[in-house]
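See below for the structure under consideration.
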Amino acid sequence: MSTPKVWTSISVMALALASQTAAAQAPNAQDVAKADARAAATVKAMLPQEKTILTHGIMPMDLGIGTTKIPADAVPGAGYVAGIDRLGVPALKETDASLGVSYVMGLRHDGATALPSGVLQAATWNPDVLYRGGAMIGGEARAKGFNVLLAGGVNLMRDPRNGRTFEYLSEDPLLSGMLVGAAIRGIQSNHIISTIKHFALNGQETGRKYVDIKISEAAAKESDLLAFKIGIEQGQPLSVMCAYNRVNGANACANDWLLNKILKKDWGWKGFVMSDWGAVPGVEAAINGLDQQSGEQLDKGVFFTDQLAARAKADPKWAARVDDMNRRVLTAIYAAGIDKFPAQKGGKIDFAANAKVAEDAAKQGIVLLKNEGGLLPLMKTAKSIAVIGGFADGGVLSGGGSSQVQGEGGPAVTIPIMGDGVWAGLIGQNYHRSSPLKAIKAQAPTAKVTFRDGRYITDAVEKAKQAQVAVIFATQYTTEGLDVPDLHLPNGQDELIAAVAAANPNTVVVLENGGPVAMPWLGKVKAVVEAWYPGARGGEAIASVLFGETNPGGRLPITFPASIEQLPRPKLDGSDWVEPNFAGDPTSGSDQLHADYDIEGSDVGYRWFARQKQKALFPFGYGLSYTTFQTGGLTLKGLTATFTVKNTGARDGDEVAQLYLATRNGEVKQRLVGFARVSLKAGESKPVTLTIDPRLLADWKDGQWVTPKGAYGFALGRDAEHLGEMVSITLPAKSWKE
Ligand code: BGC
């Protein structure tokens, strides 16, 4: 296991390491090097006809497309790549993904443990939570016979309207990279290959298969690519999944610059690049760095079999490339040990223990956004509570698409949003069987608790008037394949909240949403709890926060804008003319869609807000607690920062210390350079030490990292908008290669 280099709060690290020793060790760089040597020997032993077996795979389910035969040993899931028995090479059995073993529309007739959404997990700011989640999912995947997890979604959140915001982690490269690395270490501690995805700059779902992202090398290196790089260093993922979109004119899955130059040459990464499903434009993708064609029924052709073999036969350059493709897939197989420790279907799963992992993640990632007059936590002795909306009597919402997970018995509630087509089942609105209403009743056993579903404002208002407290569950469903047109809650929920708030002065809004939403009613309600998509035990976690058993310690990993006018692209490219379409295919061959990421460049999210001097609705890093903290005493010795965090209130709680670069040579240049989640008893204080990664201070210029000589101003931040006193240090000019 590689030791995390950047994020090094001593006390918190000890916790992370303790939990990591419980599972097998994830492969480290040395394991990969050894595996690579063994892979080279296997490639030498391969017959020519064996060299196009590992280079392509199918989606092992009947999609009604083509005539693909499903092999007997395949497990229904996202992918299957045949093995080579003669050489002892096992088949790859692939499942989605980051939030648990995916449900694939119930095809396997089984259940799995659903972690909360990626953005909730990131709101914990706690790599240990991600590690434990990854280890848990990896264990369940093994028990179901899978040996590859299509996990590790780390695309930076460049637009809050992106339908996959819930799957990703944050808008910041350090936070995203550290967290995804921890998740991948957890997954790969199970003799399972994990991907990191979608490489790269997959920032919107609208026209996802053809949108062309324009970005300069410097901007990409200082933002999205840095998140991938840190994730790869921390997690050693054995596979990278390339993205659907184009980058600077070339498909990400056939992009020489991204795959050959940056990933393989500059970064020296030894694993294999698999395509996203239906993302391969043709056989040329191989020479541009793609190693494996996945879900081949979804492409226009099966390119990585006969066509590849023909090229290899005719051209030594292609023959060498095909050998390299095989070597890379084999390196991953050997490094993970999936040949020596085969995953077997029918393994035992401790669902109760795994549910606790999901519940703990939810408790750590729920963010308290508003708490006027200390309305929360609610008293267990409350007399009457009106619970309204959000199917709170049934369960908690989850996000849609390939990452959708469901427990045994399937969803509590399913509402289709699409009538027809193969993908209809993939994007229904599904609620996990974890009822907040039941959990609230369990917390306040003597209270009179009523429930109205919120379809009608009249009876919701009536019940709100009769109760001491009104708790409204507001939902925003989001899914892979579709972006949201704006940030408002759908289905008239804003009106419902305003009406209930007018009827009851003690109104609490609990949000179950994919990403940032607008809150036109914010001034009218006393409390807002951001519960995201809280996973298999979300109802219990929400109730635990509402009643103070859990002191909320989550912090926003994404800026909530005050309006979409504040975004670098107030109009999401294509949103006015692209017909919503899960696959993201163009409707005609001539459709062109462009997005200019050079507008904000590497100043994504809070960095953009700082540059534009804009005030967010809620800034990056924001979150309240039932106690109070004081963080101070910042000193810097070179790039080592030390400071103290103190719990100054009367309750135990967790603070997330955030260290920012604020200025460089007098210019505003805001970047998160370190963070640590610290648990503190009431009155307790703890010292924290963070080591700053110099890449976070640098510019990418002429093929290298460059930090100019001069004054670097750092400050601790309660969040990205509220920075403490600045401490300045002088650094010499420096430049270095990747
Ligand atoms: C998604 C990937 C996923 C793959 C396989 C694609 O639609 O973009 O994230 O891993 O499907 O299910």
Side-chain angles (χ1 to χ4, degrees), residues 56-61 63 65 68 74-81 92-108 112 117-118 137 141 146-155 162-169 180 183-184 187 192-211 228 237 239-246 251-253 272-280 290 292-299 399-405 418 421-427 478-483 514 580-585:
H56 70 110
I58 58 163
M59 215 171 167
M61 52 176 98
L63 297 171
I65 310 171
T68 311
V75 188
Y80 176 89
V81 177
L92 298 181
K93 299 174 186 174
E94 303 168 337
T95 177
D96 287 291
S98 321
L99 312 178
V101 178
S102 73
Y103 188 55
V104 283
M105 301 174 272
L107 285 178
R108 263 192 328 270
S117 58
I137 305 173
F146 292 108
N147 52 25
V148 180
L149 259 168
L150 311 175
V154 73
N155 296 97
N162 182 356
R164 294 187 94 166
T165 300
F166 78 93
E167 277 187 64
Y168 299 140
L169 296 167
V180 82
I184 292 166
I187 293 168
I192 295 231
I193 294 171
S194 176
T195 59
I196 188 168
K197 68 186 185 185
H198 309 87
F199 195 68
L201 296 146
N202 192 171
Q204 66 176 64
E205 293 299 277
T206 303
R208 62 173 164 165
K209 286 237 186 91
Y210 57 104
V211 60
F228 275 97
S239 182
V240 164
M241 187 192 293
C242 50
Y244 282 129
N245 52 284
R246 297 167 201 231
N251 291 66
C253 283
F272 71 103
V273 179
M274 70 165 76
S275 73
D276 201 341
W277 272 232
V280 186
L290 179 65
Q292 191 180 68
Q293 179 180 12
S294 314
E296 63 199 21
Q297 303 102 304
L298 304 185
D299 283 316
S402 58
S403 69
Q404 171 70 240
V405 182
M418 194 196 207
V422 211
W423 306 119
L426 260 192
I427 60 173
T478 58
T479 177
E480 173 186 343
L482 308 175
D483 295 322
N581 158 9
F582 179 85
D585 288 322

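Counting starts at 1 for both ligands and their atoms, following the listed order.
Proximity of Asn147 to Leu92: side-chain heavy atoms (C-beta onward) are separated by under 4.5 Å at one or more points. Inter-residue side-chain proximity for His198 and Tyr168 is flagged as met; some heavy-atom pair is nearer than 4.5 Å. Arg164 places none of its side-chain heavy atoms less than 4.5 Å from the side chain of Asn155. Counting only heavy atoms from C-beta outward, the side chains of Val273 and Phe199 never approach each other to under 4.5 Å. Leu426 places none of its side-chain heavy atoms less than 4.5 Å from the side chain of Gln404.
A donor-acceptor distance shorter than 3.5 angstrom exists from the side chain of Asp483 to the backbone of Gly163, with no hydrogens or angles considered. No donor-acceptor pair under 3.5 Å is formed between the side chain of Arg208 and the backbone N or O of Ala243.
If you number the atoms of ligand 1 from 1 as listed, the ones under 4.0 Å from a heavy atom of Lys197 come out as 2 (C), 3 (C), 9 (O), 10 (O). Of all atoms in ligand 1, listed by their number and element, those nearer than 4.0 Å to a heavy atom of Tyr244 are 6 (C), 7 (O), 8 (O). Within ligand 1, counting atoms from 1 as listed, the ones closer than 4.0 Å to a heavy atom of Ala78 are 5 (C), 12 (O).
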**Asked** Taking it one step at a time, do Glu480 and Phe582 satisfy side chain to side chain contact (heavy atoms under 4.5 Å, CB included)?
**Response** CA-CA 7 Å; Glu480 173 186 343; Phe582 179 85; 3.6 Å; yes

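Of the protein's non-hydrogen atoms, Glu480 OE2, 2.6 Å is the one closest to atom 7 (O) of ligand 1. For atom 9 (O) of ligand 1, the nearest protein heavy atom (residue, atom name, distance) is His198 NE2, 2.7 Å. Considering only non-hydrogen protein atoms, atom 3 (C) of ligand 1 sits nearest to Asp96 OD1, 3.3 Å.
Contacts with ligand 1 closer than 4.0 Å are made by no heavy atom of Glu205, backbone or side chain. At a heavy-atom distance under 4.0 Å, no atom of Met274 approaches ligand 1.
Of the N or O atoms in Trp277, none lie within a sub-3.5 Å distance of an N or O in ligand 1. Looking at ligand 1, you won't find any N or O of Glu167 less than 3.5 Å from one of its N or O atoms.
Heavy-atom proximity to atom 1 (C) of ligand 1, evaluated over Leu298, Leu426, Asp276, Leu150, is greatest for Asp276.
Contact between Glu94 and ligand 1 is absent, with no heavy atom of the residue lying under 4.0 Å from the ligand. Ligand 1 does not have Met59 within reach: every non-hydrogen atom of the residue lies 4.0 Å or more from it.
Every salt bridge (Lys or Arg N to Asp or Glu O under 4.0 Å) that Asp96 has, sequence neighbours left out, goes to Lys197.
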